[in-house]
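Values reported hereafter were calculated over all heavy atoms of this structure, with side chains retained and with hydrogens, waters and symmetry mates removed.
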Amino acid sequence: MSDAAPPLRLAAVERRYRTEAGELPVLRGADLVLRAGEIVALVAPSGTGKSTLLHLAGLLERPDGGEVFVGGRAAGTLSDNDRTAIRRETIGFVYQFHHLLPEFTAEENVVLPQLAAGVARGAARDRAGALLASFGLAGREQHRPGRLSGGEQQRVAIARALANAPRILLADEPTGNLDVGTAGRVFAELLEAVRGQGLAALIATHNPELAARMDRVVTLRDGQVAEA
């Protein structure tokens with residue numbers, strides 16, 4: 001990857017879905033640049049394409065037009081294996097629902113993505129412990145998700161997203177499933193971690209107070225990205 005290139009750039013991306021009523025265009029030439037160390041809020045009404053934009057940015061879907069550049073590398077037409085490798089090495093995801101593996105401990109949930117990336121088990125456990133401690137979970141490493149509160153589960157999910165030291169963090173309503181007080185605390189910890197590691201982050205949220213704490217706010221209008 002080129003150090004001069006932004007971690008993520010969407011260039012005129014298009015996305016259409018087939019429905020019984022015909023083709024449904026969701027994104028129509030959307031452009032977005034995420035720079036290292038920049039946290040961008042994505043605020044838009046439901047049904048306007050927020051999740052679609054995040055899926056394209058995270059290489060979970062392919063654009064119907066335009067291109068997705070990760071570190072300057074065009075990724076839209078790469079093989080599935082290459083796209084998976086980029087996701088594993090470069091992109092971290094946080095979802096509204098934590099999606100932790102219930103049969104594994106907090107530590108194991110953070111270790112597993114590292115093992116998939118080829119990290120030695122000992123080093124993976126060391127990093128998992130350090131990440132969990134940074135989110136106030138020291139002493140909770142061996143607890144399974146069912147024994148953790150909602151806020152603790154989401155903290156583990158954030159630690160998991162950061163486990164492989166990504167350059168890009170994508171989050172879809174990361175605190176939307178938490179009560180107001182817990183959401184504020186977890187979000188503050190997320191911002192601190194992202195800023196501390198100098199990541200480029202795109203965070204979708206319905207909460208204007210959380211959006212105001214980020215560096216920039218964008219929205220979706222008529223299938224395109226616009227400054228809010």
>> Between Ile158 and Glu189, does the side-chain contact (heavy atoms from CB on, under 4.5 Å) criterion hold? Intermediate values first, please.
In response: CA-CA 9 Å; Ile158 295 169; Glu189 293 170 357; over 6 Å; no
>> Let's go through Asp80 and Arg87 carefully: what are the C-alpha distance in whole Å and the side-chain angles of both, what is the deciding distance for salt bridge (charged side-chain N to carboxylate O under 4.0 Å, His left out) to 0.1 Å, and is it a yes or a no?
In response: CA-CA 10 Å; Asp80 288 341; Arg87 282 198 304 272; over 6 Å; no
>> Walk me through whether Val68 and Leu59 qualify under side-chain contact (heavy atoms from CB on, under 4.5 Å).
In response: CA-CA 8 Å; Val68 178; Leu59 309 185; 3.9 Å; yes
>> Applying side-chain contact (heavy atoms from CB on, under 4.5 Å) to Val33 and Leu8, what does each step give before you reach the verdict?
In response: CA-CA 6 Å; Val33 175; Leu8 179 68; over 6 Å; no
>> Would Leu42 and Thr205 count as a side-chain contact (heavy atoms from CB on, under 4.5 Å) here? Give the steps.
In response: CA-CA 6 Å; Leu42 175 59; Thr205 180; over 6 Å; no
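With a 4.5 Å cut-off on side-chain heavy atoms, Glu14 and Pro63 do not count as touching. Residues Arg167 and Gln197 are not in side-chain contact: their nearest non-hydrogen atoms beyond the backbone lie 4.5 Å or more apart. At least one side-chain heavy atom of Leu190 sits under 4.5 Å from a side-chain heavy atom of Pro174. Val94 is not listed as a side-chain neighbour of Ile203, based on a closest heavy-atom distance of 4.5 Å or more. When side chains are defined from C-beta on, Pro7 counts as touching Ile168, because their heavy atoms get closer than 4.5 Å.
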Side-chain donor-acceptor contacts of residues 221-228 below 3.5 Å, not counting sequence neighbours, with atom names and distances?
unit_1 : atom_1 : unit_2 : atom_2 : d
Gln224 : NE2    : Arg28  : O      : 3.1
Glu227 : OE2    : Arg216 : NH1    : 2.9

Residues 127-136 side chain polar contacts: donor-acceptor under 3.5 Å, at least two apart:
unit_1 : atom_1 : unit_2 : atom_2 : d
Arg127 : NE     : Ala163 : O      : 2.6
Arg127 : NH2    : Leu162 : O      : 2.8
Ser134 : OG     : Leu131 : O      : 2.6

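A continuous path of Ile, Leu, Val, Met, Phe, Trp and Tyr side chains, each step under 4.5 Å between heavy atoms, connects Leu202 with Ile86, placing both in one hydrophobic cluster. Leu112 and Val156 end up in different hydrophobic clusters when Ile, Leu, Val, Met, Phe, Trp and Tyr side chains are linked at under 4.5 Å. The same ILVMFWY cluster, assembled from side-chain heavy atoms under 4.5 Å apart, contains both Tyr17 and Leu27. Cluster annotation: Leu148 is connected to Phe187 through the hydrophobic network of ILVMFWY side chains, with a link wherever side-chain heavy atoms come within less than 4.5 Å. Linking Ile, Leu, Val, Met, Phe, Trp and Tyr whenever their side-chain heavy atoms come within less than 4.5 Å leaves Val40 and Phe69 in two separate clusters.
Residues Ala138 and Glu141 come closest through the heavy atom pair CA-OE2, 3.6 Å. The two residues Arg62 and Ala75 come nearest to each other via the heavy atoms NH1-O, 4.5 Å. Annotation for Ala204 and Asp172: closest pair CB-OD1, 3.8 Å, computed over non-hydrogen atoms. The two atoms that bring Pro166 and Ala161 nearest to each other are CG-O, 3.5 Å, heavy atoms only. Of all heavy-atom pairs spanning Glu209 and Asn207, the tightest one is N-OD1, 2.8 Å. Across all non-hydrogen atoms, the minimal contact from Gly37 to Asp215 is O-OD2, 3.7 Å.
Interatomic distance, CD1 of Ile91 versus CZ of Arg83, reported as 9.0 Å (0.5 Å rounding). The line from CD of Gln153 to CG of Asn109 is 10.0 Å long, rounded to the nearest 0.5 Å. Between the CG atom of Leu199 and the CG atom of Leu169 there is a distance of 6.5 Å, given to the nearest 0.5 Å. Distance check: Arg88 CZ to Asn164 CG gives 8.5 Å after rounding to the nearest 0.5 Å. A distance of 8.5 Å separates CZ in Phe93 from CG in Leu54, rounded to the nearest 0.5 Å. Here Leu10 contributes atom CG and Glu67 contributes atom CD; the two are 10.0 Å apart, rounded to the nearest 0.5 Å.
When each of His143, Arg125, Arg140 is checked for a side-chain hydrogen bond (donor to acceptor under 3.5 Å, both in side chains) with Glu107, only Arg125 meets the rule.
The aromatic rings of His99 and Tyr95 stand perpendicular to each other, their planes meeting at an angle above 60°, with 30° marking the opposite boundary.
Listed for the Arg16 side chain is no donor-acceptor partner under 3.5 Å among the backbone atoms of Glu23. Without hydrogens or angle criteria, Thr219 side chain to Val43 main chain gives a donor-acceptor distance under 3.5 Å.
Atom CZ of Arg195 sits in a crowded spot, with more than 12 heavy atoms from other residues, nucleotides or ligands closer than 6.0 Å.
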